[in-house]
Amino acid sequence: MRTITDYITADTILPRFLPYPYFLLKMDLSHTARLLYGLLLDRSTLSQKNGWQDSEGRTYIVYPVSEITEMLDKGSTAIKSALNELDAAGLLVRERRGFSAPNRLYVKIPQMPVVQFSDHMTAIQ
């Protein structure tokens, strides 16, 4: 087993990571729901690149529960519960597509106020 001992330098290539929006820190969601939202948000960027939009221009993803359970190493009951939490919080809309057709998942982002940076932080473009 390899131990991680490298320091990050200016030239370090970072490993893949999930986006984790700050607004999730203030929401009353389980850890699994928060992690799942980050995973769905990441998958949404792939759908954007692939042009997966519905007739109204909304980006959707197709992500079977079985694949999510494998990715997050959780049971299907835990994943379905987390999906329900995200749905109830208004962060996800699931569109059932009919028998044997995959569901579409629409990841939503809440309206955010303009972010103010403190004096010691700088915005990087």
Side-chain angles (χ1 to χ4, degrees):
M1 181 174 179
R2 180 177 179 252
T3 54
I4 300 173
T5 58
D6 296 335
Y7 290 94
I8 295 176
T9 66
D11 299 326
T12 301
I13 296 172
L14 296 175
R16 286 190 61 203
F17 58 91
L18 293 176
Y20 193 94
Y22 280 100
F23 69 80
L24 287 178
L25 297 172
K26 300 295 184 189
M27 295 191 75
D28 186 24
L29 296 170
S30 69
H31 177 69
T32 301
R34 293 173 193 216
L35 187 58
L36 176 57
Y37 184 81
L39 186 65
L40 296 176
L41 199 58
D42 182 60
R43 183 59 74 100
S44 294
T45 61
L46 182 61
S47 289
Q48 284 177 318
K49 289 176 187 171
N50 290 331
W52 285 18
Q53 279 85 37
D54 64 12
S55 60
E56 296 179 43
R58 302 174 301 183
T59 298
Y60 64 88
I61 61 176
V62 175
Y63 208 171
V65 170
S66 60
E67 289 182 29
I68 297 170
T69 60
E70 187 176 316
M71 180 63 77
L72 296 183
D73 197 27
K74 301 277 185 186
S76 62
T77 303
I79 297 304
K80 289 175 184 176
S81 177
L83 287 167
N84 288 336
E85 278 186 73
L86 295 174
D87 199 350
L91 295 175
L92 179 69
V93 173
R94 293 177 280 182
E95 182 181 283
R96 308 229 185 273
R97 304 283 295 164
F99 182 72
S100 76
N103 294 337
R104 286 183 177 177
L105 304 176
Y106 293 89
V107 179
K108 297 176 75 179
I109 299 174
Q111 293 290 329
M112 301 300 294
V114 175
V115 176
Q116 297 290 327
F117 291 98
S118 61
D119 291 340
H120 66 279
M121 294 181 72
T122 354
I124 300 173
Q125 296 290 330

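Residue numbers count from 1 along this sequence. Since the model is a prediction, treat every value here as computed from it, not as a measurement. Below, each value reflects all heavy atoms present in this structure, side chains not excepted, and no hydrogens, waters or symmetry copies.
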Looking at [Y], is its backbone amide N or carbonyl O close enough to the side chain of [X] to form a donor-acceptor pair, meaning the two atoms are under 3.5 Å apart?
X: Ser47; Y: Trp52; result: no
X: Arg34; Y: Met27; result: yes
X: Ser81; Y: Thr77; result: no
X: Glu95; Y: Tyr106; result: no
X: Thr12; Y: Thr9; result: yes

I want to check something: taking the side chain as every heavy atom from C-beta on, are [X] and [Y] in contact at a cut-off of under 4.5 Å?
X: Tyr63; Y: Leu39; value: yes
X: Asn103; Y: Val62; value: no
X: Leu41; Y: Tyr20; value: no
X: Leu35; Y: Leu18; value: yes
X: Tyr37; Y: Leu24; value: yes
X: Phe23; Y: Pro110; value: yes
X: Gln48; Y: Arg43; value: no
X: Asn84; Y: Arg94; value: yes

Report yes or no: do Leu36 and Tyr22 belong to one cluster of Ile/Leu/Val/Met/Phe/Trp/Tyr joined by side chain heavy-atom distances under 4.5 Å?
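Both belong to a single hydrophobic cluster.
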Shared hydrophobic cluster, Phe17 / Ile8 (ILVMFWY, side-chain heavy atoms < 4.5 Å)
no
Which atom of Ala89 lies closest to which atom of Leu29, heavy atoms considered
CB-CD2, 4.0 Å
